[in-house]
Structure formats: structure tokens, C-alpha cells
J.: 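This is the structure I have questions about; it appears just below.
Side chains included, hydrogens not; waters and symmetry mates left out as well; all remaining heavy atoms used.
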Protein chains: 2
Amino acid sequence: LPAQAVMKAAMQAYVDRTNAGDAQGLLDLFATGAIIEDPVGTAPKRGAEIGAWFSDAVAFGTRIHPVAPIRGSHANQALLVFDVTFRPPGGALTRIRSADVCTFDEAGLITGLKAFWGPEDVEALGDEA
Amino acid sequence: LPAQAVMKAAMQAYVDRTNAGDAQGLLDLFATGAIIEDPVGTAPKRGAEIGAWFSDAVAFGTRIHPVAPIRGSHANQALLVFDVTFRPPGGALTRIRSADVCTFDEAGLITGLKAFWGPEDVEALGDEA
């Protein structure tokens, strides 16, 4: 199993690289063949879809605001709870109250990411921020 | 799928009944055959093990302190992030930084609970609180 500190550092890097607009840096955190299900209950993203996903995130000015320390586990998973803001093309500044569960390989790369947020966890902030 | 509000109300009831020391009320939130994996990476608890688990939680004065609004999903899962305090027999007041992912049946009963916390998310508070 990867060490707790390795998993938590990777999830903190996920926050930092998102907020720095570093799409390549985000991709570098993921193992080949990784699957992103964001949000849980929608079609998983793989391969080139993940690259496009991060490019969009950067283009939309996505910022992740953690709201509690990252949780580990007694297995190869860790959890980050956060609010995320972004502005889609032509749309309002939007905030989603979300949480990501990541699964890691032995090298500390992310093999799976599941994001927990529902339709009622999304709020349009307009131009207030 | 259960409504977002139904899942979130059940998880809030899980908090409230824990804090009220209501072990039977906690059991009533779970479907027959439910599985608790707390923490993730340890042996799942089923049936009578779950009853004993909640009895211990009440006996240890367990209190759940949510640290963010409950998250839903686009499926039959929701997520609560919290700190939990308890005092095991002869032990110190202890705090764990945790998060629960619950899976629900169509009736809004919990069929699975996975708690995300690692060995480094546990802190002995001693007698300070």
C-alpha cells in the first residue's frame, strides 16, 4: 500500500495544480488507465477524456477550496472534501460542494477518482465573487 | 434512486441519533444485510456485529461533529465529513477526522457505510475536553 503521507501529498498536489492552472501537472498525478467518475452516477472518463476534462477545468478558472484536512484510510484510498468554483463559457460563477475519493497504485499514482456531489450541491454565485 | 433530500436526512439522523446515544435509532437507519466498513481496509461488519458496534459507540460517549454540508451524488450514495470524539474504556478522549460514504436502497435505508480515516487521522485529546 502507498503510505498515508504519499496519498495525502498527491491529493494536495491535485488541489495546488488545479489552482495553478497546471493541466499537465494534474495528468501527471494519474496512472495510465485511470478512471474518473465525476460526479458519481455519471459516465466514467478515461484516457483522452481526462486530458480534455483538465483542459476545461483550467479554461474555466477552476479553484478548489479544501474545507477539512485530507482523510486517509487503512487501504489504498484517501478522501478530500472541498468547495470548487469555476465559470463555464458564457455562464455564471458556480460553486459545487464536493468530495473526491481517490484510489492509488503502489507508486502513489491515482488509478480512480470518484467525486461526490448531487444536483442540489451546485449553486450559481453570479458575479459576486 | 432515493431523493437527495432523503439520503441527506438519513445521514443527518445518523449524526443526531449518535449524539443522542440512540443505538436502536441508529440500527433503524440500516437495511437488513447492511455492511459497515469502518475504517476502509478493515473487515466489514454485518448483522449482530453492527448492533454491538453501535452499543459500543453509545457506551463510549461518541459525538459526531460535521464539518461541512452533506454531499449527495448522481447515484444512490451520499457523503458526510466530520470529526468524531469518543472515550474508549480506560482510554483517553480521542478524536478521529473521518468521512462516511453511505449507499442507500430505494426505501432510503443504508445498505453500506464506508468510513475513510487512516492511522494518522486519530488523535488522543487526553482530558482537555
J.: Quick one, Leu26(A) and Thr18(A) - any side-chain contact, counting heavy atoms below 4.5 Å?
T.: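 Yes, their side chains come closer than 4.5 Å.
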
J.: Is Ile70(B) in contact with chain A via its backbone, its side chain, both, or neither, using a 4.5 Å heavy-atom distance?
T.: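 The answer is the backbone of Ile70(B).
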
J.: Mind checking whether Phe30(B) and Phe54(B) have parallel, tilted or perpendicular rings, split at 30° and 60°?
T.: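 Ring orientation, 0 to 90° scale: tilted.
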
J.: Hey, which of Ala99(A), Ala5(A), Ser73(A), Gly41(A) has the most heavy atom pairs under 4.5 Å with chain B?
T.: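 Counting heavy-atom pairs under 4.5 Å, the top option is Ser73(A).
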
J.: With a 4.5 angstrom heavy-atom cut-off, is it the side chain or the backbone of Lys8(B) that approaches chain A, or both, or neither?
T.: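 When you check distances to chain A, only side chain atoms of Lys8(B) fall under 4.5 Å.
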
J.: Is Ala68(B) close to chain A through its backbone or its side chain, or both, or neither, when contacts mean heavy atoms under 4.5 Å?
T.: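 Just the side chain, heavy atoms under 4.5 Å.
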
J.: Can you confirm whether Cys102(A) sits close enough to Met7(A) that some side-chain heavy atom of one is under 4.5 Å from a side-chain heavy atom of the other?
T.: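 Cys102(A) vs Met7(A): side chains apart.
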
J.: Heavy-atom cut-off 4.5 Å, strictly under: side chain, backbone, both or neither for Pro69(B) against chain A?
T.: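 Only the side chain of Pro69(B) comes within 4.5 Å of chain A.
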
J.: Give a yes or no on whether the ring-centroid distance for Tyr14(A) and Phe82(A) is below 6.0 angstrom.
T.: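 No, ring centres 6.0 Å or more apart.
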
J.: Counting only non-hydrogen atoms closer than 4.5 Å, does Asn76(B) touch chain A with its backbone (N, CA, C, O), its side chain (CB onward), both, or neither?
T.: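 Neither part, no heavy atoms under 4.5 Å.
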
J.: Is there side-chain contact between Phe60(A) and Thr94(A), with at least one heavy-atom pair below 4.5 Å?
T.: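 When only atoms from C-beta onward are counted, Thr94(A) and Phe60(A) do not touch, as no gap falls below 4.5 Å.
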
